[in-house]
Student: 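Pasting in a structure now, in structure tokens, and then I'll have a few things to ask.
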Amino acid sequence: EDQVTQSPEALRLQEGESSSLNCSYTVSGLRGLFWYRQDPGKGPEFLFTLYSAGEEKEKERLKATLTKKESFLHITAPKPEDSATYLCAVQAGSGANSKLTFGKGITLSVRP
Amino acid sequence: EPEVTQTPSHQVTQMGQEVILRCVPISNHLYFYWYRQILGQKVEFLVSFYNNEISEKSEIFDDQFSVERPDGSNFTLKIRSTKLEDSAMYFCASSEARTSGSKLFGPGTRLTVL
């Protein structure tokens with residue numbers, strides 16, 4: 001069974017204080033690793049898809065990296081508007097299996 | 001920028017009643033999904049749909065659930081006889097490709113079963 005573990009559960013940062021969010025996974029045949037941002041009461045907002053170990057993607061203050069066992073979401077000089085829950089999800093298995101398996105998420109709070 | 005839309009935003013129903021949740025996926029997407037999120041828990045996969053049939057479903061998606069694409073734009077999730085434990089946020093998602101690319105989610109429908 002595919003498993004996704006995110007840590008820490010919650011993270012409080014001061015504005016400008018860079019940090020990393022971790023997503024470790026156990027799957028058979030990773031097809032893609034997805035990062036989403038979720039605001040309270042809203043749907044997941046797509047950020048990145050990573051497909052193979054060593055791949056990196058960036059968007060504004062966010063950078064996602066992938067190894068064979070985990071992914072990191074690096075946040076550089078965060079701002080209060082970056083406060084949200086960050087979800088990691090994996091897509092794995094055979095070609096017919098297209099579902100995403102999500103982790104519990106990391107709730108990030110950035111204080112001004 | 002195109003987006004997935006869902007209606008209603010909030011649905012309150014009595015236990016045992018039928019509900020239909022509606023979604024309009026992005027127009028050029030071919031793969032459609034329903035996920036749910038019980039308050040404080042993970043987002044969970046329910047069902048995927050392609051070419052007018054179910055591609056995959058989870059254990060949650062039992063005989064009480066059904067999906068339909070009644071026309072070229074709408075994608076619906078029906079729960080025949082709601083239970084208290086069906087209370088959750090239900091998210092519709094769509095993607096261009098099944099095994100790669102972004103899967104874009106809608107804003108969700110909050111279902112409350114009393």
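Please read all numbers here as calculations on a predicted model, not as lab measurements. Note on naming: letters A, B, ... go to the chains in the order of the sequence lines (proteins, then strands), and numbering restarts at 1 for each one.
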Student: Identify which part of A:Glu45 has an atom lying under 4.5 Å from any heavy atom of chain B, answering side chain, backbone, both or neither.
Tutor: neither

Student: Measure the CD-OH distance between A:Gln6 and A:Tyr25 for me, rounded to the nearest 0.5 Å.
Tutor: 13.5 Å

Student: Where does B:Gln37 contact chain A at under 4.5 Å (heavy atoms): side chain, backbone, both or neither?
Tutor: side chain

Student: Would you please classify the geometry between the A:Tyr36 ring and the A:Phe102 ring as parallel, tilted or perpendicular, with 30° and 60° separating the classes?
Tutor: tilted

Student: Determine whether A:Leu100 and B:Tyr35 make a side-chain contact, defined as any pair of heavy atoms from C-beta on separated by less than 4.5 Å.
Tutor: yes

Student: Quick check on A:Lys104 against chain B: is it the side chain, the backbone, both or neither that has a heavy atom closer than 4.5 Å?
Tutor: both

Student: Of the backbone (N, CA, C, O) and the side chain (C-beta and beyond), which part of A:Leu87 lies under 4.5 Å from a heavy atom of chain B, both, or neither?
Tutor: side chain

Student: Just checking, is any N or O donor in the side chain of A:Ser18 or A:His74 under 3.5 Å from an acceptor N or O on the other one?
Tutor: no

